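Single-structure report; data block below.
It should be emphasised that the depicted structure is a prediction, and the values quoted were computed from it without experimental measurement. Positions are given from 1 along the sequence.
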Amino acid sequence: MENKERIIRLWFEMWLAKKDLGIFDIFSSDAIYIESWGPEYHGVQKVALWFEEWNTRGTVLQWDIKQFFHKDNQTIVEWYFKNQMDGGQAEAFDVISLIEWTPDNKIALLKEFGCNENRYDPYKDGNTSHFKDENAKWF
C-alpha cells in the first residue's frame, strides 16, 4: 500500500512541478487514463504527451489528497484539484480516482469521477426544486 500511495503522490507532484519525474516508470505501457469529463488516453506515450501538452497551457495550483482506499489490485484516492489556464479560466473540483495496478505496481487504469465544488440544496426554500440557471459542469 505504501508503494502505491507513493506512486500516486509522485503523479500528483509531477503536475504541481510541471515536470515529468517518471511517467514511464509509474504507468504500464498499455495504461488507460480516463478523465472525468470524457478524454481518454491509451498507452503511456499518450499519457506523457497529454501531460507535456497540457502543461504548456495551464498550471495546477493545488492537488490535495484527502484519503486512500485499497483492495487487492485496486486503489481509490479522493482528492481536491485547482488549476488556472493561461487564458484565465480557473477550475476547482473534488474527484475520486479508481486505479487498477499491474502485478509489478504500475498503473494499468486510472478513471476519474468528478464532483462540482459549488454545491447547493435545490429544496432549501420548500418542496419545489430551484436549480441554478447554468450549464451543467463536465463531470
Side-chain angles (χ1 to χ4, degrees):
M1 284 188 280
E2 280 183 29
N3 189 42
K4 291 175 181 174
E5 291 178 13
R6 181 189 58 75
I7 290 167
I8 295 166
R9 289 180 195 283
L10 175 61
W11 175 238
F12 289 14
E13 182 59 37
M14 287 186 210
W15 287 91
L16 290 162
K18 297 182 88 158
K19 183 175 182 182
D20 180 349
L21 302 171
I23 291 173
F24 286 83
D25 295 328
I26 66 172
F27 286 91
S28 68
S29 62
D30 58 349
I32 298 172
Y33 195 112
I34 302 169
E35 291 191 84
S36 61
W37 59 287
E40 192 170 308
Y41 312 101
H42 290 261
V44 66
Q45 292 192 350
K46 289 285 177 80
V47 172
L49 172 64
W50 164 55
F51 174 85
E52 292 297 329
E53 188 276 327
W54 190 95
N55 278 292
T56 66
R57 55 188 171 84
T59 300
V60 174
L61 303 173
Q62 188 175 350
W63 203 340
D64 300 329
I65 294 172
K66 295 181 179 182
Q67 60 185 324
F68 292 99
F69 300 93
H70 302 281
K71 183 179 181 203
D72 301 326
N73 72 328
Q74 296 182 322
T75 298
I76 293 174
V77 57
E78 179 187 9
W79 42 274
Y80 175 79
F81 181 87
K82 187 176 191 178
N83 71 22
Q84 177 78 44
M85 301 309 288
D86 291 346
Q89 179 184 2
E91 300 172 308
F93 41 88
D94 291 308
V95 178
I96 290 178
S97 291
L98 170 62
I99 299 168
E100 293 181 10
W101 301 93
T102 64
D104 60 344
N105 281 343
K106 289 192 173 189
I107 297 171
L109 171 71
L110 194 154
K111 188 175 184 180
E112 300 175 349
F113 301 87
C115 184
N116 188 338
E117 77 168 349
N118 298 313
R119 296 179 288 270
Y120 62 95
D121 178 359
Y123 298 101
K124 182 178 94 179
D125 297 322
N127 293 333
T128 303
S129 62
H130 296 281
F131 294 95
K132 288 184 179 179
D133 187 21
E134 64 184 12
N135 291 332
K137 297 294 183 187
W138 43 261
F139 307 106

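- Under the salt bridge (charged side-chain N to carboxylate O under 4.0 Å, His left out) criterion, the residue pairs touching residues 46-75 are Glu53-Arg57, Lys66-Asp94, with sequence neighbours excluded.
- The minimum heavy-atom distance between Gly114 and Ser36, with the atom names listed, is N-CB, 3.6 Å.
- Side-chain contact check for Glu100 and Asn73: no donor-acceptor pair (N or O, by modelled atom type) lies under 3.5 Å.
- Note: Trp15 and Trp11 have perpendicular aromatic rings, judged against thresholds of 30 and 60 degrees for the angle between ring planes.
- Contact of the Leu10 side chain with the Leu21 side chain is registered, since non-hydrogen atoms from C-beta on lie closer than 4.5 Å.
- With a 4.5 Å cut-off on side-chain heavy atoms, Leu98 and Phe113 count as touching.
- With contacts defined as side-chain heavy-atom distances shorter than 4.5 Å, the pair Gln62/Tyr80 qualifies.
- Put simply, the side chain of Ile8 reaches to within 4.5 Å of the side chain of Thr75, judged on heavy atoms.
- Annotation: side chain of Val60 is in contact with side chain of Trp54 (closest heavy-atom distance under 4.5 Å).
- Side-chain contact between Glu40 and Ile32: present, with at least one pair of heavy atoms (C-beta onward) separated by less than 4.5 Å.
- Nearest heavy atoms, Ala90 versus Gln84: CB-OE1, 3.6 Å.
- Taking each heavy atom of Phe93 and Val95 in turn, the nearest pair found is CD1-CG2, 3.1 Å.
- Between Trp79 and Phe12, the distance separating the two ring centers is shorter than 6.0 angstrom.
- In this view, Lys82 satisfies the salt bridge (Lys or Arg N to Asp or Glu O under 4.0 Å) rule with no residue, not counting sequence neighbours.
- The aromatic ring centroids of Trp50 and Tyr33 lie less than 6.0 Å from each other.
- Between Asp86 and Thr56 the shortest heavy-atom distance is OD2-O, 3.2 Å.
- Among pairs with a residue in residues 9-37, none fulfils salt bridge (charged side-chain N to carboxylate O under 4.0 Å, His left out), at least two apart in sequence or across chains.
- Between Val77 and Ile65, the shortest heavy-atom distance links the atoms CG2-CG2, 3.8 Å.
- Contact check for His130 versus Tyr123: no side-chain heavy atoms found under the 4.5 Å cut-off.
- By the 4.5 Å heavy-atom criterion applied to side chains, Phe51 and Ile23 are counted as neighbours.
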